[in-house]
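Input: a single structure, listed below in structure tokens.
The sequence lines fix the lettering, A, B, ..., with proteins before strands; numbering per chain opens at 1. For clarity, every value in this text was computed on a predicted model and none was experimentally measured.
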There are 2 protein chains.
Amino acid sequence: MNLPPLIRSFVLHFGEMGSRWGINRTVGQIYALLYVAPRPLCADDIVEALGISRSNVSMSLRELQAWNLVVLKHLPDDRRDFFTTPDDVWQILRTLAEERKKREVDPTLSVLREILMQPAGSEEEAHAQRRMAEMHDLIEQLTTWYDDVKRLETERLATLLSLGSKITRLLETKDRIVSFGRARKSERPGERRSGGATPGKDPEE
Amino acid sequence: MNLPPLIRSFVLHFGEMGSRWGINRTVGQIYALLYVAPRPLCADDIVEALGISRSNVSMSLRELQAWNLVVLKHLPDDRRDFFTTPDDVWQILRTLAEERKKREVDPTLSVLREILMQPAGSEEEAHAQRRMAEMHDLIEQLTTWYDDVKRLETERLATLLSLGSKITRLLETKDRIVSFGRARKSERPGERRSGGATPGKDPEE
DNA sequence: CACTAATTTCAGAAACTTCTGAAATCACCG
DNA sequence: CGGTGATTTCAGAAGTTTCTGAAATTAGTG
């Protein structure tokens, strides 16, 4: 490996991290390298920078493509493939979330659904099904939220994040103001339960 | 492995999933088993249910304890350790988020900070630092949001989730109403930038 | 403080993943 | 359509992780 020290540390750290979740070391390193490189790199650039075999680079790039994490570029009069990462880190985050959901969450949800369809053969199984139903419902709530939020443009998403938990307070403020403004048109919102509070159901978006 | 079919499917799925992210197959299976079991299990119950060696169970339980994912119980007049998972799935989610952050996010943040402190030795390194800074800032925004939201009680967290992106609309509604109600006390909120929109900075928690 | 039973540790075996170099494939060019 | 160079595939080598049984440790008991 023959890289400027700062880039080297970053690449090595990503390699480590990569192996801590599913992705492997080389894939992590290549991603890190592409992420910080000032221009798109071709396979041989990567071989040179990381000191790994050509075939390993080829396979790892395939994997990154399968994750939609890299962008393919072509230079005129050069038939080699050049690779970069998207410029926008928020876009990268979205892709990562989407792919991890696809690989980690969706299969679990469908296994849970399948098991929950079957009849329990004993009290032990019935209890297990109740537990699985709790898990299923939690995951479903989270993915519903995610599906909703992922469509926001970056700017609004950032606003949402910067508000954080303040929103629950804001929500109460809004309840007060709106119910006051409308002079109690129907009934007052009052205490809200955990399940399905969906005020202000605008048709747009 | 000698388990009722529904439980068996669940346990096997979790084993698979386990190996898809960092955790290993056995650890995943044991967790799944404890999660659906109607009562706390001891190590030998697990050996029996999953058909794996006693020592493997012992090591895997240690790992689950290191992740804070299991609860230790003792029965009177029995010095064996019995294990369960917490009853509340939201609590489980919190623990999982906390531990993954500790292992996956925090180390990355500190590596990024360290690298960003060092002087760049070339334009290539300077560019890399700019990219790393973008990544750093994104992660910091996400963790700030997380640190804020994780303190919410389950009920409020559920409300927040069920609102999802509707909140940004709600926010605009609130801006309108509040600025109208206050009859433009100081300046009007207007367009909001991505960075630090923090309306309603209440002192309380 | 010896005995017993539960539990943990650990060295090496088994299983699995990653990585390589050689061979096959692909795609353009004359 | 044969040649050239880039790229991919793949069998097996290298490396890593997981799992086991045997030995060591811990903790309670008479």
Side-chain angles (χ1 to χ4, degrees), chain A residues 1-2 11-12 14-34 40-67 69-84 103, chain B residues 1-2 11-12 14-34 40-67 69-84 103:
Chain A
M1 187 178 301
N2 182 26
V11 163
L12 290 177
F14 258 69
E16 294 288 306
M17 267 341 205
S19 35
R20 195 167 298 190
W21 36 294
I23 218 164
N24 83 38
R25 190 158 48 85
T26 308
V27 174
Q29 290 184 353
I30 293 180
Y31 187 80
L33 182 65
L34 295 177
L41 303 181
C42 73
D44 284 315
D45 294 335
I46 298 169
V47 167
E48 160 121 41
L50 302 182
I52 58 183
S53 77
R54 186 49 236 266
S55 55
N56 194 0
V57 170
S58 180
M59 293 200 300
S60 301
L61 284 172
R62 296 206 128 247
E63 178 143 14
L64 285 172
Q65 282 176 285
W67 278 81
L69 283 171
V70 292
V71 178
L72 230 159
K73 297 253 152 146
H74 280 107
L75 303 185
D77 293 334
D78 190 334
R79 58 200 180 76
R80 290 175 296 173
D81 288 342
F82 286 77
F83 298 88
T84 359
R103 279 153 227 253
Chain B
M1 187 180 299
N2 183 26
V11 163
L12 289 177
F14 258 69
E16 295 287 306
M17 267 344 207
S19 33
R20 196 167 296 189
W21 36 296
I23 218 165
N24 84 38
R25 191 158 48 86
T26 308
V27 174
Q29 290 184 354
I30 293 180
Y31 186 79
L33 182 65
L34 295 176
L41 303 181
C42 72
D44 284 316
D45 294 335
I46 298 170
V47 167
E48 159 121 40
L50 302 180
I52 58 183
S53 76
R54 187 50 236 266
S55 55
N56 194 0
V57 170
S58 180
M59 293 200 299
S60 301
L61 284 172
R62 300 208 125 244
E63 177 143 13
L64 284 171
Q65 283 176 284
W67 278 81
L69 283 171
V70 292
V71 179
L72 231 159
K73 297 253 151 143
H74 279 108
L75 303 185
D77 293 334
D78 191 336
R79 59 201 180 79
R80 290 174 297 172
D81 288 343
F82 286 77
F83 298 88
T84 358
R103 278 153 228 253

Subject >> For atom CD1 of A:Ile46 and atom P of D:dT8, their distance in whole Å >> reply: 11 Å
**OP:** Supply the atom-to-atom distance B:Leu50 CG to B:Leu41 CG, rounded to the nearest 0.5 angstrom.
**Re:** 9.5 Å
Subject >> Interatomic spacing from CZ in A:Arg25 to CZ in A:Phe14 - rounded to 0.5 Å >> reply: 15.5 Å
Original post:
If only side-chain N and O atoms of B:Arg54 are considered, is one of them under 4.0 Å from the OP1 or OP2 phosphate oxygen of D:dT20?
Top reply: no
Subject >> Contact pattern, 5' to 3', of nucleotides 13-19 of chain C - B, S or - by protein heavy atom under 4.0 Å >> reply: -----SB
**OP:** May I have the distance from B:Leu72 (atom CG) to C:dT7 (atom P), rounded to whole angstrom?
**Re:** 10 Å
Original post:
Which atom pair, heavy atoms only, marks the closest approach of A:Leu61 to A:Ala43?
Top reply: CD1-CB, 4.4 Å
Original post:
D:dT16 C1' sits how many Å from A:Arg20 CZ, rounded?
Top reply: 16 Å
Original post:
Rounded to whole angstrom units, what separation is found between the CD atom of A:Gln65 and the P atom of D:dT8?
Top reply: 8 Å
Subject >> Separation of atom CG in B:Asp81 from atom C1' in D:dG28, rounded to whole Å >> reply: 14 Å
Original post:
Checking all strands, does B:Arg80 fall into the base, sugar-phosphate, or nothing category for heavy-atom contacts under 4.0 angstrom?
Top reply: sugar-phosphate
**OP:** Write down the distance between CG (B:Leu50) and C1' (D:dT18), rounded to a whole number of angstrom.
**Re:** 15 Å
Original post:
Is the charged tip of B:Arg103 near the ring of B:Trp67: under 6.0 Å from the six-membered ring centre and within 45° of its axis?
Top reply: yes
**OP:** State the CG-CG distance between B:Leu34 and B:Asp45, to the nearest 0.5 angstrom.
**Re:** 9.5 Å
Subject >> Closest to the B:Arg62 side chain, choosing from C:dT9, C:dA5, D:dT8 >> reply: C:dT9
Subject >> Rounded distance [0.5 Å steps], CG in A:Leu72 versus CG in A:Leu64 >> reply: 11.5 Å
Original post:
Rounded to whole angstroms, how far apart are CG on A:Asp45 and C1' on D:dT7?
Top reply: 15 Å
Original post:
When rounded to the nearest 0.5 angstrom, what is the spacing between CZ in A:Arg54 and CE in A:Met59?
Top reply: 11.5 Å
Original post:
In whole angstroms, how far is the C1' atom of D:dA6 from the CG atom of A:Leu61?
Top reply: 14 Å
